[in-house]
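Notes for the one structure printed next.
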Amino acid sequence: MFKENFLWGAASAAYQVEGAFVADGKGPSIWDRWAHIPGKTYGGTNGDVAADHYNRMEEDVRLMAAMGLKAYRFSIAWTRILPDGRGAVNQSGIDFYNRLINCLLKEKIIPLVTLYHWDLPQCLEETYGGWLSKDVVSDFTNYAEVCFKAFGDRVNHWIVINEPNIFTHQGYSLGIHPPGMENEAAFIKAYHHTALAHASSVLKFKALGLEGVIGSSIAFSPGYAKSNEAEDRGALEKYYEMGPWLFMDPYYKGTYPKEAERYYTRLGQWQKVSPDDLKMLKAAAEVVDFIGVNYYQTAMLAYNPQDGVGQAEMNTSGKKGSQKESGVPGLYKFVRNEQLDYTDWDWAIDPDGLRYGLAQLKKRYGLPVLISENGLGFFDEINAEGEILDVARIKFLDAHVKACLEAVNEGVDLIGFCVWSFTDLLSWLNGFRKRYGLVHIDFEKKTLKRTPKASYYWYKALIESEGTLDADGFINAQTKGDTGCII
Ligand code: BG6
């Protein structure tokens, strides 16, 4: 059974839904700039308008309330609160999030607040190179403190940083997110600074004595070895040390995996960690309350020789099968898992992997877990009746919720599950066609009309049943019934 007061939620992120990118004193973020550079995003899409949530927030909360959502995870845009990243506070930004939080609470929906979902103030990027400078740690902590003080009387759940592993890897190593660098040493440095910003904010939160819980969310893809051969098993081990554990240990143990340290030191790319930094990481790891897990897929690892594959272009087109093999020469490569089905964007669909991953986290960190994201990116279709019968999404979510339940029955302390995403939104590099929402948004004709999908009604029933719904029966009922209703 899921625990009492389980957080049945859905999620979003400021840049992906809000729009209103220059409204009411908001400053520019690195994504506002990046998405305007030709060729950087799929079809030149950007978040200038996105789902226009900034102007339609009340309507969106009404839809959440009508489905009985228990929790809504959203992120605060740093540049609405502090347009230059530091200095004067922009009261209009505070007002917007106050309105949102109050609307949610009025509907008995618990706000789960992410402080950072990738939209660094452009000003800090220009002033000192953003995440590459240690100055970002104090600026971030100051921003976090402003938010804790402004909203902490009503917000009891805080996610400090969303997927530091993804935005640093893609921004500093692969060069496909801002600031577009391809430099491993820069990636390690930026990643280290995210860990310090997280730790310093966790300690600030605790020092303020506010009620509530705090953690950060990491993208976690548990891995399998392609075969039982020693070389493939070795590749799997290296993947964990250089991937999941490198990303989670500093946040949740206050240490760095030795193997990763040795590897990057050999290449002259390691960031020397000072005793004071280590002390801060340790102190925060001792008081952090939960691990946020964004789970989408697993990884299959195989041996990759020194002259093997390196990075490959990502499938951002939605052409299934177009993702090429990629890897780290001399360590490991990602290969297709023939046992699994894949999405059109070549993400492995693997509910069992979630259960397996949760068991691994329990063993390694022993902390409560919040599934802060899980969902299916998909080409949704509207039928002649105006309905979106997203059965594939229902099946995907149903299987993952079941995996969560199995993990709970095996002793994992799970505090909530957030569907990614509540409404359709902008997928950073994949445009508006890769849809995740429980609520459809008309991006095509640009009316931005909201229409609940079949998955919205499925999730509503799941929440009502406290996660005990027999989804198969429900899928049948809903896909044949009246699903196109607009609230
Ligand atoms: C997570 C992010 O990486 O995955 C979200 O936190 C993102 O912001 C989601 O949208 C899905 O990824 P994508 O690339 O398909 O949009």
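Both ligands and their constituent atoms are indexed starting at 1 by order of listing.
- Within the 4.0 Å heavy-atom criterion, the part of N162 lying near ligand 1 is the side chain and not the backbone.
- Taking the ring axis of W8 as reference, the NZ or CZ atom of K3 does not stay both within 45° of it and closer than 6.0 Å to the ring centre.
- Using a 4.0 Å cut-off between heavy atoms, A13 makes no contact with ligand 1 at all.
- When each atom of ligand 1 is checked for a heavy atom of N430 under 4.0 Å away, the hits are 13 (P), 14 (O), 15 (O).
- In this structure, Y457 has its ring center at least 6.0 angstrom away from the ring center of Y459.
- Aromatic ring centroids of F205 and F148 lie under 6.0 Å apart.
- Close approach to S427 involves these atoms of ligand 1, each under 4.0 Å from a residue heavy atom: 13 (P), 14 (O), 15 (O), 16 (O).
- Interface atoms of ligand 1 facing Q16, defined by a heavy-atom separation under 4.0 Å, are 5 (C), 7 (C), 8 (O), 10 (O).
- For atom 9 (C) of ligand 1, the nearest protein heavy atom (residue, atom name, distance) is Y296 OH, 3.4 Å.
- Cation-pi contact between R336 and Y342: present, with separation from the ring centre below 6.0 Å and deviation from the ring axis of at most 45°.
- Residue contacts with ligand 1, taken as heavy atom pairs separated by less than 4.0 Å, involve W347 solely via side-chain atoms from C-beta onward.
- Between D424 and R435 there is a salt bridge, since a side-chain N of the basic residue sits under 4.0 Å from a carboxylate O of the acidic one.
- Using a 4.0 Å cut-off between charged side-chain N and carboxylate O, K320 and D346 make no salt bridge.
- Close approach of ligand 1 to Y436 (heavy-atom distance below 4.0 Å) involves ligand atoms 11 (C), 12 (O), 13 (P), 15 (O), 16 (O).
- Numbered from 1 in the order shown, with element, the atoms of ligand 1 that lie under 4.0 Å from a heavy atom of E163 read 1 (C), 2 (C), 3 (O), 6 (O).
- Cation-pi geometry between R80 and Y54 is satisfied (NZ or CZ under 6.0 Å from the ring centre, within 45° of the ring normal).
- Of the candidates H117, E373, Q170, it is E373 that places a heavy atom closest to atom 1 (C) of ligand 1.
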Please table the atom pairs, donor to acceptor, closer than 3.5 Å between any side-chain atom in residues 415-423 and protein atoms at least two apart or in another chain.
unit_1 : atom_1 : unit_2 : atom_2 : d
S421   : OG     : T423   : O      : 2.8

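- Contacts between W345 and ligand 1 below 4.0 angstrom, taking non-hydrogen atoms only, are absent altogether.
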